[in-house]
Amino acid sequence: MEPRYDPAVEKKIYDSWEQSGYFDPDVCVEKGVTASDAEPFCVVLPPPNVTGVLHIGHAYEDTLQDIVVRHARMRGMRTLWIPGTDHAAIATQAKVEKEILKVEKKSRRDLGREEFLRRVNEFAQVSHDTIVQQIKRLGASLDWTREAYTLDEKRNLGVRTAFKKMYDLGLIYRASRVVNWDPKGQTVISDDEVQHEERTTKLYTFRYDKNFPIPVATTRLETKFGDTAVAVHPDDKRYAEYVGKTYHADFCGVPLTIRVIADPTVEKDFGTGALGVTPAHSIVDWEIAQRHDLAIPVSIINLYGKMINVPKPFEGETTATARAMVADELKKRNLIEKEEDVKQNVSIAERTGAIIEPLPALQWFVDVDKQFKQNNGHTTTLKALMREAVESGGTTIVPERFEKIYFHWIDNLRDWCISRQIWFGHRIPVWYRERNGVQETHVDIDPPKDDGWEQDPDTLDTWFSSGLWPFSTLGWPDKTKDLEIYFPNSFMDPGYEILQLWVARMILMSGVIMEDVPFRKVLIHGIVRDSKGEKFSKSKGNGIDPLLLADKYGADALRMTLVIGAAPGNDVKFDEQRVKGYRNFSTKIWNIARFIQMNKPEGFADDVDAGAAKHIAAREEIKELAALKAEVTKHIDDFEFHLAAEKLYHYVWHTLADKIIEQEKKTLAGGTDAEKSESYALLEHLLLGSLTMLHPFMPFITEEIYQIFRPGKMLMVEQW
RNA sequence: GCGCGCUUAGCUCAGCGGUAGAGCAACUCGUUUACACCGAGUGGGCCGGGGGUUCAACUCCCUCAGCGCGCACCA
């Protein structure tokens, strides 16, 4: 054995695993390492976005899965782990758009849809290749023969099939309503893609004009051109006499017709207790307007955040400028009664950082409250279905506290807006044409055969295709053998930041389409942060390249650092110092192996030294190892990888090396031949046993050493 | 506002009803069949504050504080 373990061999080891074909469970069955009737175990990789390179968070996520997968494989299960990448519609398009604008000073419209998509696909391909190499470098035992992409043809067929099915069930509909408009990305986004940021802003208390009886408080003076009502609480005695009446007001030169209505959602104690209702530019106001049958509102803000349908000088101004102008005008008219600073949560688009502009638009939605009938005869709603999947125990979420967050999210869920005004993604499978003045709509998997149809220009929310991932990767909508064997998946390991965006959508989609849960267990993990507890981000420049660390200390050391870093669901604070510590552990393991190998008695061979093996069977050290195995197995089954890894670390270093080897040194030096053989047999047994248990955590070094002791074998598929 | 976490040794974190644990850091010794990417050992903790349940609480319950997160409101 070399005096030192060199992480450079890790690439070679990965290649040998890949060449063996054992990542593919069919090959395992074929070659007899897995029984043909073995219980299936399937995990689908959360597909990394093709927007760049792998970061340390991926390394963490992939390590956790690889532990589960390798453990299952070693226990003889028919184990499949499917790789793939995510086209990540908005994220990827935005990235390429930005790059093209920077380098060529061109917008996507300058290039045209076809050319632009060619560029995005090119970028995605390069990004994909990098990512795959990176995943392999970390040792993930994925079956690359089954690799998928959320935007490949197979998955596109799945998306179209799912859309059609949900449309036919009445779960997908098209409607005009106030949506979250991202003025920067020029697209609608769903509620879950909106984030909130607290800011201080001015709250104005004003009157539309001198004769209007009720003062109203608002932070958005510029939208008041679009007001059609003032809402007060039904129990509010101050305004009871005005309820039901309609007033004509002159608001900064614009004639408004304002009805006073009573609605229980209005808070008496906020502002003046009276709310100016702007149906076109507030989701809440839109809903109030619906309840009170207010007239169809006029938009006063366009898609670029500029004022429209208002007189000069307001027309064409940005909302911010218009707000200041309105404030000036009202002051001139002496209509501002109060001006105060308030804290307000501003809605931000998570991808572009733009402030959301609520405005009315015609979009496609998934109805989460609609009753529909499943093939199995049950009548349900999507909300109920998502709730039941977890309540019934069909899917278990670990740690349990995330179940609470999940239910809380369902309780507050609104219809899911799935159409996006971007080009990169799955085109909506709907075609329109006008015939004799009548608008016709065709919703199907394939385009209509006859003439005159035009496909909807929009694409689908990336999470629509991601939601199908647990079964689209298995070949659905075809009735494949994989689907039969491996669905529902056994395990899924996403981060908590996509519990709602992704996990919930998979449960939803699987519930409608497959009428089953997508997976049995979900282990939610935390975020990897830097040593100060800050999130890694490009703008902060605190990123760490997991690949550099793997090359420097070995992928195994990196994996151990991440695993022992924290309990499930908690964030991991990452410090390079710790990786060093586990590199030292690798060295320790290496030296244990070297020491044992150096002491192999002349002529010792496993088949002829059955006597030595028999002798050691009764020894305490063997029992101790067996007890450890039971503990480690239990911890892995309970997803307590940090405990399993820590115990193994402690055993190997402080029991096997510090105690047992030290104790055996005397025998190895001065014992009889029989005693030496026994001593060696014991140490070898303990070493190989430790390597076996360590393998899911530190696959490379364990494989390397194992093959030195057992040439021709492969630890990856040895018995646990 | 509703909900969910976290607070344990200098640092990073485990443990979660039975006399406080690990890694790193610090200190003291040590180099004998591997390993200084060593070994043996030492110091260091009112387990965030207060109250309760219990024979027994870091562990369960209540409450307060600080930090973080989710959802809603934000007119």
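Throughout, a chain's letter reflects where its sequence line sits, starting with A, and its residues are numbered from 1.
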**Asked** NA contact type, A/Val266, heavy-atom cut-off 4.0 Å: base, sugar-phosphate, or nothing?
**Response** base

**Item:** Pairing nucleotide - B/C2, Watson-Crick or G-U, each distance under 3.5 Å
**Value:** B/G70

**Prompt:** Rounded to the Å, how far apart are A/Ile701 CD1 and B/A34 C1'?
**Reply:** 13 Å

**Message:** I want to check a possible cation-pi pair here: A/Arg177 against A/Phe365, using under 6.0 Å from ring centre and within 45° of the ring axis as the test.
**Reply:** yes

**Prompt:** If the C1' atom of B/C4 is compared with that of B/C47, how far apart are they to the nearest Å?
**Reply:** 22 Å

**Asked** Nearest-Å distance, NZ (A/Lys573) to C1' (B/C11)?
**Response** 10 Å

**Request:** Remember a base hit wins even if backbone is also touched, and classify A/Thr219 as base, sugar-phosphate or nothing at under 4.0 Å, heavy atoms.
**Result:** sugar-phosphate

**Salt-bridge criterion met for A/Arg529 and A/Asp571 (N-O under 4.0 Å)** = yes

**Asked** Mapping A/Asp191 and A/Val216 onto RNA chain B by nearest heavy atom, which one lands closer to the 5' end?
**Response** A/Asp191

**Message:** Base contacts versus sugar-phosphate-only contacts with protein, heavy atoms under 4.0 Å: please encode nucleotides 2-9 of chain B as B, S and - from 5' to 3'.
**Reply:** B-SS----

**Asked** Can you tell me how far C1' in B/A26 sits from the matching atom in B/G10, rounded to whole Å?
**Response** 9 Å

**Footprint string (nucleotides 16-28 of chain B, 5' to 3'): B base within contact, S backbone only, - free, heavy atoms under 4.0 Å** = -------SS----

**Item:** Geometric cation-pi criterion, A/Arg291 with A/Trp286: 6.0 Å, 45°
**Value:** no

**Request:** Please determine if A/Lys224 forms a cation-pi arrangement with A/Tyr204, meaning its NZ or CZ atom is less than 6.0 Å from the six-membered ring centre and no more than 45° off the ring axis.
**Result:** no

**Message:** Tell me whether the side-chain N or O atoms of A/Lys647 pair up with the base of B/A14 as donor and acceptor below 3.5 Å, since no angle test is needed here.
**Reply:** no

**Request:** Let me know the distance between CG of A/Asp658 and C1' of B/A34, rounded to the nearest Å.
**Result:** 12 Å

